[in-house]
S.K.: 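This is the structure I want to talk about, given as structure tokens.
In what follows, chains are A, B, ... by sequence order, proteins preceding strands, each numbered from 1.
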There are 2 protein chains.
Amino acid sequence: MQNTDPTTPPIDASRATARRQQILCAAAECFREYGFHAASIAKISSIAGMSPGHIYHYFENKEAIIAAIVAQDLESLMTMTAEFRAAANIRTALIERAAEGVADQLDPVSAGLKLEIVAEAARNPHVGQIVREADATCRRELAITIRDIRRTAGHEDSPAAIDDMVEVLACLFEGLLLRTIRNPGLDHSGVALRIQTAISDLLNQPT
Amino acid sequence: MQNTDPTTPPIDASRATARRQQILCAAAECFREYGFHAASIAKISSIAGMSPGHIYHYFENKEAIIAAIVAQDLESLMTMTAEFRAAANIRTALIERAAEGVADQLDPVSAGLKLEIVAEAARNPHVGQIVREADATCRRELAITIRDIRRTAGHEDSPAAIDDMVEVLACLFEGLLLRTIRNPGLDHSGVALRIQTAISDLLNQPT
DNA sequence: TAACATAGAATGAGCGTTCAATCTAGAATA
DNA sequence: TATTCTAGATTGAACGCTCATTCTATGTTA
């Protein structure tokens with residue numbers, strides 16, 4: 001990856017990466033504003049500050065840009081999920097982090113792109129695969145976290161029961177993406193509190 | 001719906017309505033498969049069994065077709081919400097109907113179109129307005145229902161508290177639209193049961 | 001005949017993509 | 001140092017195609 005010759009500055013790799021990121025950043029902006037299909041290469045290239053043709057030096061085609069955006073967006077979700085497992089007292093950590101998670105989901109700008117991605121996943125097999133694989137990873141992490149919390153509280157659940165709880169937890173978070181579009185005026189802190197209580201109740205459900 | 005006069009064939013009004021519905025039906029199919037923007041008038045017209053130009057006798061433009069599809073989809077949601085209020089014992093009705101509602105939301109075909117609609121609402125002001133107005137109506141209905149249930153159980157909540165509960169209830173249902181795309185293999189009946197319990201817990205939350 | 005239903009070709013704009021030409025800056029040479 | 005060479009970065013016009021929409025002509029019915 002690194003340039004071994006000291007006489008030539010480390011241009012290539014880092015410059016190319018920066019250029020790629022520049023394109024992805026512009027593409028995300030266009031996708032948010034117009035959607036995947038109405039966002040044209042011409043618009044993306046103009047926002048990225050380069051010619052349309054040059055984009056094809058960094059991405060094979062438009063589909064590859066979409067895939068990269070999707071992967072980038074999901075990566076942030078996965079790191080967030082992984083953070084839960086690192087906490088010492090997991091139950092408290094989960095519920096306290098929930099408020100933060102709720103706030104993230106309620107940002108209408110990023111919510112629009114996330115919804116666009118899932119809608120695309122429903123019909124584009126390539127995007128669908130990326131999304132489903134990332135979701136499976138997140139579910140695995142969340143399942144372990146919930147199992148540990150329930151064990152500490154004295155519940156011994158079947159894996160299927162844990163999976164169902166993961167789904168309900170996911171509904172609470174992901175439902176917010178739709179809510180913030182359908183009702184932009186909702187009370188953020190009030191809803192966050194109610195969701196924290198709902199999560200707490202969920203973790204106390206009978207086996 | 002039927003023409004009562006046997007001498008005249010059922011032309012004008014009913015024929016035009018049928019033609020319109022034919023177009024809407026074909027459009028919904030295309031929108032599900034390709035999304036709003038990648039679904040072309042040519043594809044819609046071919047599925048509807050008529051020429052591209054003829055579609056413009058029934059709709060001003062493609063945007064009008066999208067708006068009609070959105071309005072039609074939301075109408076079904078609103079009648080479902082209104083049904084809750086008609087029930088005699090509302091709490092039981094709400095929770096029992098929930099299982100049915102969960103099943104509806106988990107159909108991946110209709111889920112794809114619903115997500116497409118909300119994603120479009122995030123960037124298309126016209127669609128956004130239709131969606132937000134329908135949502136406001138649903139929230140009003142749900143708020144009254146929840147208020148009555150809570151009153152019967154002896155809670156007197158502030159309107160804001162009720163609104164927050166409506167949002168969490170909506171998250172549980174609408175989150176399923178994303179879940180069924182991201183994890184098509186989830187256990188429908190298991191999740192339905194957990195969600196029923198979560199709704200029950202939500203209705204028992206402290207004021 | 002008058003009015004409407006329908007078809008399908010025509011139009012012009014915009015799309016993703018390609019590609020030959022140009023620029024740029026460091027390496028090599030003198 | 002001054003000049004030439006070279007390879008990658010970058011451009012923007014051009015291509016073939018599809019799009020939404022319009023227009024004209026042809027049934028079809030009352």
S.K.: For B/Ala38, answer base if it contacts any base atom (sugar-phosphate contacts may also be present), sugar-phosphate if it contacts only those atoms, and nothing otherwise; contact means non-hydrogen atoms under 4.0 Å.
M.R.: nothing
S.K.: Rounded to whole angstroms, how far apart are CD on A/Glu60 and C1' on C/dT18?
M.R.: 14 Å
S.K.: Out of curiosity, A/Leu113 CG to A/Ile69 CD1, how far, rounded to the nearest 0.5 Å?
M.R.: 6.5 Å
S.K.: Using whole Å, what does the distance between atom P of nucleotide D/dT22 and atom NE2 of B/His54 come to?
M.R.: 16 Å
S.K.: Measure the distance from CD1 on A/Ile41 to C1' on D/dT11 and round it to the nearest whole Å.
M.R.: 16 Å
S.K.: Grab the CZ-P distance between B/Arg20 and C/dA5 for me, whole Å please.
M.R.: 14 Å
S.K.: In whole Å, what is the span from the NE2 atom of B/His57 to the P atom of D/dT24?
M.R.: 13 Å
S.K.: Distance check needed: C/dC15 P versus A/Lys62 NZ, whole Å only.
M.R.: 9 Å
S.K.: Taking any heavy-atom pair under 4.0 Å as a contact, classify B/Tyr58: base, sugar-phosphate, or nothing.
M.R.: sugar-phosphate
S.K.: Any luck finding a side-chain donor-acceptor pair between B/Arg19 and B/Gln22 under 3.5 Å?
M.R.: yes
S.K.: What is the distance from CD1 of A/Ile55 to P of C/dG16, rounded to the nearest Å?
M.R.: 10 Å
S.K.: Does a nitrogen or oxygen in the side chain of A/Tyr56 sit under 4.0 Å from OP1 or OP2 of D/dT10?
M.R.: no
S.K.: Looking at B/Ser40, I'd like to know whether one of its side-chain N or O atoms comes within less than 4.0 Å of OP1 or OP2 on D/dC19.
M.R.: yes
S.K.: As an exercise, state the distance from OG of B/Ser200 to CG of B/Leu94, rounded to the nearest 0.5 Å.
M.R.: 10.0 Å
S.K.: Grab the NE2-P distance between A/His37 and D/dC17 for me, whole Å please.
M.R.: 21 Å
S.K.: Among residues two or more places apart or on two chains, list those pairs meeting salt bridge (charged side-chain N to carboxylate O under 4.0 Å, His left out) that have a residue in residues 174-199 of chain A.
M.R.: A/Glu174-B/Arg179, A/Glu174-B/Arg182, A/Arg179-B/Asp135, A/Arg179-B/Glu167, A/Arg179-B/Glu174, A/Arg182-B/Glu174
